[in-house]
Amino acid sequence: MNFVEELRWRGMLHDFMPGTEDQLQKEMTTAYVGIDPTADSLHIGHLVSIMMLKHLQRAGHKPLALVGGATGMIGDPSGKSEERSLLSEEELRRNEEAIKKQLLRFLDFDEGPNHAEIVNNYDWMKDFSFLGFLREVGKHLTINYMLAKDSVKKRLETGLSFTEFTYQLVQGYDYLYLYKNKNCKLQMGGSDQWGNITTGAELIRRKTGGEVYALTCPLITKADGNKFGKTEQGNVWLDPRYTSPYHFYQFWLNCSDTDSEKYIRIFTLLSKEEIDKLIEEHRQEPHKRMLQKTLAEDITVRVHGRQTYETAVEASGILFGKGTAEALHKIPEDVFLAVFEGVPLFEVAYDTISQGADIVDFLAEHTGIAKSKGEARRMLKEGSVSINKQKVLDATTVDETYLINQKYIVVQRGKKNYFLVKAKS
RNA sequence: GGGGGGGUUCCAGAGCGGUCAAAUGGGGCAGACUGUAAAUCUGUUGGCUUCGCCUUCGGAGGUUCGAAUCCUUCCCCCCCCA
C-alpha cells in the first residue's frame, strides 16, 4: 500500500497538490513537517505530524523533522485569533533541545538511505540579514498573494502585526532551503498549514522553476465538538513532568467509542485488518473497551516505555477496580507511592489530623482540595467526596484512624479525581 | 465633529428603585444509569462565623430609608451621519 493510500484509509488525508502521488511513486522522496518549539515538550497534537512522518518512512521515503527555532521566534498566525507573544531566545533554544530528544523516539534515525533527520531553521535563518531576506525572498511574492491567505484574511479585522504577516515567507523560505539543500519535494502538516505550504511551493516555482508538493491532514476533532488533546488540566504532554504517565494512559483510555475508532487509525501503526477486527470485537462487546485499551497501551508504551505503562495499568486497576478501603491499606508503601505518582499531593501536619479535623476544614483549609468552605460543603452535599474509597456524606471528623501506613489519606472528588494527603510530623 | 446603542456573575444574555447573589441558555462540576464510553435525567455553579452577614452588575462620586436599576462625571466598545 502506498503512502497516500495508507493515509487515506487512516483518515489522515485532507488535501494534497496534484502530482504528489506521482512524485512519491517515481522516487524516494524527502518530505518534512515543521514543529515550532513553543514549549519544551511536544503534546499529543504534535503526534499526528509525527505519525505522518512515520508512515512516510515506512513507505520508503525520507522524513525530515524541522524544529522551528526561527519560525518559533515569529509566531504563526494560522488558526490564532490574536497576536502571539514572543518567547525569549534562550527559552526557544531550550525548547528546541527538549523537542529534539523526544523526536528521536518516534522515527528511525539510524543509517539507511531514508533515515530520518532533524533540521532547525534557526541554523539557516539566524545569519540571514533583513535586507538580504527582502531581496531574496520578499521580492518574489506579492502582497496581494500573501493577503489572500486565510490565516491572514481572518486577522485583518482584528489586527495582525507585520511580523506575523511575514511568517508565511519565513516558512516558505524553509521549504526553498530544504528543496535546494536536501532535495526536499514535499511538505506536510495540518490542514491549517495549507496556506503556508503553498506559499513555499510558489516561492520555489518562481525562484527555481522547481516543482514541489504539499499534503495536509485534517484537524483532529472529538465527536462532541471539543478540541482534541485538551483536558481540564490543559494539554496532554509527552513529557512526564507535565502529564504523568498515569494521566497520559487515562486520557486514551477515556476516549469515547466514536473517537477511539478514529484515533486508533491515526495514532497506532496497527494494520487495517487488525484495526477492522478490533472495531468489530469492540462492537460485539463494547463494555470490554478493547479499542480504548489497545489504543492506550500502544501509545503509552511508545511514549513512556513498557515498564511505565505497566505501572499506569496497575495504578488504574487499584484506583478504578473494586478496590476497597482494606485493599488500599494492604498495598505496600512503594507500590502505593507509584500508584499515586502524579496525583496532587497535600501535606498536613500530623498533629492537625491526630487532633481530629472537621471534614470541611480538612478539604478547604488544611488541603486545597476544595477552593472554599462553600465548595467543600457543596461537594459533601453532592456526595462526591470519598476518603480512602469510602463515601463521605455528612459531617465527619478526620483523625489518625484514617491514615494509611500512618501517613496517607486518599481523597476522591467524584470518580476520577484523586488527591493524596500526607501527614508530616 | 454630530447622532444613536452598549458595557451585568465563566460565556451569551435578561433585569431597569425594594421581593436581585441577580431570569434563561451554554459551559463547568457532581449524582443516577452504564462500560472509567455516548446519550439521557437530576442537582449544583460569589464568599463567610449559612435560617443571618459580607463583597459583586465598566471606574469614581451623588440622590434615596433603600440602587445593577435614577443623576453627574470619567474610561472602553459598537453603529449611523459628516
Side-chain angles (χ1 to χ4, degrees), chain A residues 81-82 156-159 220-236 243-265 267 275 278-297 299-300 309 311-324 327-328 339-340 342-344 357-387 389-395 410-419:
Chain A
S81 53
E82 278 174 19
L156 283 180
E157 291 282 315
T158 50
I220 310 301
T221 53
K222 292 205 328 189
D224 62 12
N226 283 313
K227 220 171 171 176
F228 165 77
K230 297 259 183 187
T231 64
E232 314 84 72
Q233 284 89 2
N235 279 328
V236 178
T243 301
S244 75
Y246 165 75
H247 285 292
F248 187 86
Y249 172 74
Q250 283 287 323
F251 172 83
W252 299 103
L253 198 64
N254 271 305
C255 288
S256 71
D257 291 2
T258 333
D259 288 338
S260 350
E261 290 190 11
K262 197 162 64 187
Y263 297 165
I264 198 151
R265 296 168 214 254
F267 294 104
I275 288 175
L278 262 171
I279 292 178
E280 186 50 39
E281 278 172 21
H282 181 264
R283 287 185 180 159
Q284 294 299 319
E285 301 179 292
H287 57 279
K288 288 194 176 164
R289 298 191 304 140
M290 284 309 295
L291 268 181
Q292 283 92 337
K293 282 179 185 161
T294 313
L295 177 65
E297 174 181 353
I299 307 180
T300 311
Y309 157 78
T311 312
V313 174
E314 195 184 345
S316 302
I318 292 168
L319 264 30
F320 288 99
K322 301 200 175 63
T324 54
L328 219 50
V339 166
F340 289 100
V343 164
D358 176 64
I359 182 72
V360 172
D361 294 335
F362 178 76
L363 292 171
E365 268 173 18
H366 306 321
T367 69
I369 294 169
K371 281 195 209 70
S372 66
K373 289 188 184 178
E375 186 177 287
R377 289 192 196 94
R378 207 180 303 132
M379 280 159 58
L380 291 165
K381 206 173 84 194
E382 284 166 345
S384 66
V385 183
S386 297
I387 293 185
K389 301 231 92 182
Q390 203 107 46
K391 210 156 244 190
V392 181
L393 289 168
D394 17 64
V410 175
V411 183
Q412 262 171 287
R413 164 90 205 270
K415 275 185 205 132
K416 296 181 192 175
N417 308 308
Y418 279 85
F419 303 91

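Note: hydrogens, waters and symmetry copies are ignored here, and every other heavy atom, side chains too, is used. Every chain is numbered from 1, with letters handed out A, B, ... down the list of sequences. Fair warning: this is a prediction, and the values are worked out from it, not measured in the lab.
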Review point. Within this structure, what is the NZ-to-P distance between A:K222 and B:A38, rounded to whole angstrom?
Key: 9 Å
Practice item. Take the protein atom OH of A:Y263 and the nucleotide atom P of B:A37, then report the distance between them rounded to whole Å. Key: 16 Å
Review point. If you measure from the P atom in B:C33 to the same atom in B:G26, how many Å do you get, rounded?
Key: 24 Å
Study note, to complete from the structure: Comparing nearest nucleotides in RNA chain B, the 5'-proximal residue of the pair A:K416, A:R377 is A:K416
Exercise for review: Starting at atom CE of A:M379, determine the distance to atom C1' of B:G28, rounded to an integer number of angstrom.
Suggested key: 15 Å
Exercise for review: Quick one: do A:T243 and A:N235 satisfy side chain to side chain contact (heavy atoms under 4.5 Å, CB included)? Show the steps, please.
Suggested key: CA-CA 8 Å; A:T243 301; A:N235 279 328; over 6 Å; no
**Study point:** Identity of whatever pairs with B:C57 - Watson-Crick or G-U, under 3.5 angstrom
**Key:** none
Exercise for review: Determine the contact category for A:R413: base if any of its heavy atoms lies under 4.0 Å from a base atom, sugar-phosphate if only primed atoms, P, OP1 or OP2 are that close, otherwise nothing.
Suggested key: sugar-phosphate
Review point. Whole-Å distance between B:A30 C1' and A:N417 CG?
Key: 10 Å
Review point. Which atoms form the tightest heavy-atom contact between A:H366 and A:F362, and what is the distance?
Key: CD2-CA, 3.7 Å
**Study point:** Within 6.0 angstrom of A:Q390 CD, more than 12 heavy atoms from elsewhere
**Key:** no
Review point. Paired with B:G25: which nucleotide, if any, by Watson-Crick or G-U wobble criteria at under 3.5 Å for both distances?
Key: B:C11
Check your understanding: Can you tell me how far C1' in B:U69 sits from the matching atom in B:C57, rounded to whole Å?
Key -> 10 Å
Review point. Can you tell me how far C1' of B:U34 sits from CG of A:D257, to the nearest Å?
Key: 11 Å
Review point. So, does the side chain of A:Q250 form a donor-acceptor pair with the base of B:U36 at under 3.5 Å?
Key: yes
Review point. Which class fits the ring pair A:W252 and A:F228: parallel under 30°, tilted 30 to 60°, perpendicular over 60°?
Key: tilted
**Study point:** Pair partner, B:G1 [Watson-Crick or wobble, under 3.5 Å]
**Key:** B:C81
Practice item. Report yes if the side chains of A:I359 and A:I387 come closer than 4.5 Å at any heavy-atom pair, otherwise no. Key: yes
Practice item. Could you work out the separation of B:U34 and B:C41 based on their C1' atoms and round it to a whole Å? Key: 14 Å
Point to revise | A:D361: partners by salt bridge (charged side-chain N to carboxylate O under 4.0 Å, His left out), with sequence neighbours left out | key: A:K373
Review point. Does the B:U34 base have a donor-acceptor partner in the side chain of A:K415 within less than 3.5 Å?
Key: yes
Revision key, fill the gap. Taken to the nearest whole Å, CD/A:Q292 to C1'/B:A38 is 11 Å
**Study point:** Least distance between heavy atoms, A:K391 atom then A:G383 atom
**Key:** CE-O, 3.2 Å
Revision key, fill the gap. From CZ of A:F320 across to P of B:U34 the rounded distance in Å is 18 Å
Check your understanding: Across all strands, who's sitting opposite B:C41 as a Watson-Crick or G-U wobble pair, both distances under 3.5 Å?
Key -> B:G31
Check your understanding: Is the glycosidic torsion of B:U56 within 90° of 0, making it syn, or is it anti?
Key -> anti
Practice item. In whole angstrom, give me the gap between the C1' atoms of B:U36 and B:A22. Key: 38 Å
Point to revise | Between B:U55 and B:G47 - C1' atom distance, rounded Å | key: 7 Å
Review point. For A:S316, which contact category applies under a 4.0 Å heavy-atom criterion: base, sugar-phosphate, or nothing?
Key: base
**Study point:** Shortest non-hydrogen contact between A:P245 and A:A312, atoms and distance
**Key:** O-CB, 4.1 Å
Check your understanding: Mind checking who B:C70 pairs with, Watson-Crick or G-U wobble, both distances under 3.5 Å?
Key -> B:G62
Check your understanding: Which is true for A:E285 with a 4.0 Å heavy-atom rule: it touches a base, it touches only sugar-phosphate, or it touches nothing?
Key -> nothing
**Study point:** Whole angstrom value for the distance that separates C1' of B:U50 from CG of A:L380
**Key:** 15 Å
Check your understanding: When the C1' atoms of B:G28 and B:C77 are considered, how many whole Å apart are they?
Key -> 28 Å
Point to revise | Out of B:A30, B:A32, B:A37, whichever nucleotide has its closest atom nearest the side chain of A:K391 | key: B:A32
Point to revise | Separation between the P atoms of B:G52 and B:C20, rounded to whole Å | key: 14 Å
Review point. Going 5' to 3' along nucleotides 39-47 of chain B, which nucleotides have protein heavy atoms under 4.0 Å from the base (write B), which only from the sugar-phosphate (write S), and which from neither (write -)?
Key: ----BSS-S
Exercise for review: Give me the one residue out of A:H282, A:E280, A:E281 that meets side-chain contact (heavy atoms from CB on, under 4.5 Å) with A:Q284.
Suggested key: A:E280
Revision key, fill the gap. As its Watson-Crick or G-U partner within any shown strand, both distances under 3.5 Å, B:G52 has B:C48
Review point. Given that both distances must come in under 3.5 Å, which nucleotide forms a Watson-Crick or G-U wobble pair with B:C20?
Key: none
**Study point:** Span that lies between the C1' atom of B:C16 and that of B:C80, in whole angstrom
**Key:** 26 Å
Review point. Relative to the 5' end of RNA chain B, which residue comes earlier, A:D361 or A:K288, by the nucleotide with the nearest heavy atom?
Key: A:K288
Review point. Taking the side chain as C-beta and beyond, is there a heavy-atom pair between A:L363 and A:V385 under 4.5 Å?
Key: yes
